[in-house]
Amino acid sequence: MMKVRKAVIPAAGFGTRFLPATKVVPKELLPVVDKPTIQYIMEEVASSGIEEVILITGREKGSIEDHFDTSTELEEHLRKKKRMDLLRMVQRISEMVTLVSVRQKEPLGLGHAILCAKKVVGQEPFAVLLGDDLIDAERPCIRQMIDIYQKMDGALLAIQKVPKTETHLYGIIRGRRVSDRVYRVEEMVEKPKQGTAPSNLAIIGRYILPPQIFGILEKVSPDPRGEIQLTDGLRELSQRLPVFGYEFIGDRYDAGDKLGYLQANISLGLKHPELGPKLKRYLKELSGKS
Ligand code: UTP
């Protein structure tokens with residue numbers, strides 16, 4: 001089994017669910033407590049032993065690359081002010097991983113965004129982490145998945161149980177449980193109509209994919225909105241190679257959604273060593289008022 005050395009982070013979407021905040025600022029750069037969402041994702045990648053990140057960027061997204069680049073003026077300023085703690089913090093961000101960025105000229109869907117990484121990934125399995133899907137876990141989610149993937153072939157998707165009333169918002173699998181937290185995927189339905197979902201196991205924004213997915217995505221027809229859907233590619237892949245779902249351990253927040261973003265800020269804020277106790281007091285005060 002080949003090592004998973006590369007990760008693709010698609011971050012080229014328009015973020016329409018988060019307008020007007022995302023008119024100029026990419027949603028991946030909106031801060032959760034004190035760090036941009038995408039920095040949490042980059043930290044997950046770096047602490048999972050992945051060496052290279054392929055960032056898929058689009059319109060107005062140059063600032064994402066800048067965030068992970070060295071910032072000579074800022075570093076010089078901090079050095080002069082003898083703020084060595086902040087200097088180290090800023091330098092650490094640009095040293096985390098080797099970053100290659102590829103531009104998706106038009107946001108033609110998640111499947112198309114992943115296809116943009118074809119040349120840089122080459123012929124090896126790779127991880128995919130969605131740029132707005134934040135997972136708070138003791139053992140990084142993608143590391144948990146790499147550990148499982150080492151014992152298998154094909155593709156591995158992160159899955160999570162969601163309330164039955166929310167299945168229409170996700171890609172849903174029907175699967176046969178093969179070991180603890182692992183399911184062999186037998187069917188995948190993208191955003192099933194309410195009451196028709198084959199289960200409540202939803203596909204979440206972490207994947208480990210084999211390079212065969214690229215050839216498949218090249219042939220996938222666009223959906224009625226003109227987008228190439230990853231789920232369509234995965235369905236085709238499952239005809240050729242086994243596809244598994246892994247119920248990861250951790251808390252997931254959709255930071256590209258206004259409510260998910262607020263939930264992430266509150267949950268991670270409560271865990272923050274300095275802010276946590278103050279925020280807890282404030283939330284108590286607020287609930288007393290309501
Ligand atoms: P989303 O569907 O959440 O992104 O895709 P979006 O299209 O920006 O969202 P809304 O619905 O308009 O608010 C999940 C991830 O895939 C990326 C997004 O940037 C996000 O990180 N993506 C999506 C691309 O890179 N390219 C695309 O064409 C679509």
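In listed order, ligands and their atoms are each counted from 1. Computed over heavy atoms, backbone and side chain alike; hydrogens, waters and symmetry mates excluded.
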Which value, rounded to the nearest 0.5 Å, describes the distance between [X] atom [atom1] and [Y] atom [atom2]?
X	Y	atom1	atom2	result
Ile41	Leu130	CD1	CG	8.0 Å
Tyr149	Leu209	OH	CG	8.0 Å
Ser71	Gln91	OG	CD	10.5 Å

Out of all atoms in ligand 1, which are within 4.0 Å of some heavy atom of [X]? Include the element for each.
X	value
Gln104	24 (C), 25 (O), 26 (N), 27 (C), 28 (O)
Leu130	14 (C)
Pro107	28 (O)
Ala113	24 (C), 25 (O), 26 (N)
Thr16	10 (P), 11 (O), 12 (O), 13 (O)
Phe14	8 (O)

Can you tell which part of [X] has a heavy atom less than 4.0 Å from ligand 1: side chain, backbone, both or neither?
X	result
Leu108	backbone
Ile56	neither
Glu28	side chain
Ala11	backbone

Distance-minimising heavy-atom pair for Pro242 and Arg184: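 In this case the closest contact between Pro242 and Arg184 is CB-CZ, 3.6 Å.
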Between Met188 and Leu110, is there shared hydrophobic-cluster membership here, with clusters defined by ILVMFWY side-chain heavy atoms closer than 4.5 Å?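 Yes; Leu110 is reachable from Met188 via cluster members.
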Using the rule that two of Ile, Leu, Val, Met, Phe, Trp, Tyr join whenever any of their side-chain heavy atoms come within less than 4.5 Å, decide whether Leu230 and Ile173 are in one cluster.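 Yes, Leu230 and Ile173 fall within the same hydrophobic cluster.
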Top protein contact for [atom], by heavy-atom distance:
atom	result
atom 23 (C) of ligand 1	Gly13 CA, 4.0 Å
atom 21 (O) of ligand 1	Pro10 O, 3.0 Å
atom 28 (O) of ligand 1	Gly109 N, 2.8 Å
atom 25 (O) of ligand 1	Ala12 N, 2.8 Å
atom 8 (O) of ligand 1	Gly15 N, 2.8 Å
atom 13 (O) of ligand 1	Arg17 N, 2.8 Å

Would you check if Ile172 and Asn200 make a side-chain contact, meaning some heavy-atom pair closer than 4.5 Å?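 They are not in side-chain contact.
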So, 4.0 Å and heavy atoms of [X]: is ligand 1 close enough to count as a contact?
X	result
Gly256	no
Lys27	yes
Phe18	no

Can you list the residues that meet the side chain to side chain contact (heavy atoms under 4.5 Å, CB included) rule with Glu76, with sequence neighbours excluded?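 Scan of Glu76 (side chain to side chain contact (heavy atoms under 4.5 Å, CB included), adjacent residues dropped) gives Arg79, Lys80.
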Please determine if [X] and [Y] form a salt bridge, counting it only when a charged side-chain N lies under 4.0 Å from a carboxylate O.
X	Y	result
Glu218	Lys118	yes
Glu138	Arg143	no
Glu43	Arg92	yes

For ligand 1, is there an N or O atom under 3.5 Å from any N or O atom of Leu110?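 No, no N or O pair falls under 3.5 Å.
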Angle class for the Tyr261/Phe18 ring planes (parallel below 30°, perpendicular above 60°, tilted otherwise)?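 Ring orientation of Tyr261 relative to Phe18: perpendicular.
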Return yes when at least one protein heavy atom is under 4.0 Å from atom 2 (O) of ligand 1, and no when none is.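 No; the ligand atom in question lacks any protein heavy-atom contact below 4.0 Å.
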Look at atom 5 (O) of ligand 1 and say whether a protein heavy atom is found at less than 4.0 angstrom from it.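 No, because not a single protein heavy atom sits under 4.0 Å from atom 5 (O) of ligand 1.
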Arg83 CZ: over 12 foreign heavy atoms closer than 6.0 Å: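 Check fails, neighbour count at 12 or below.
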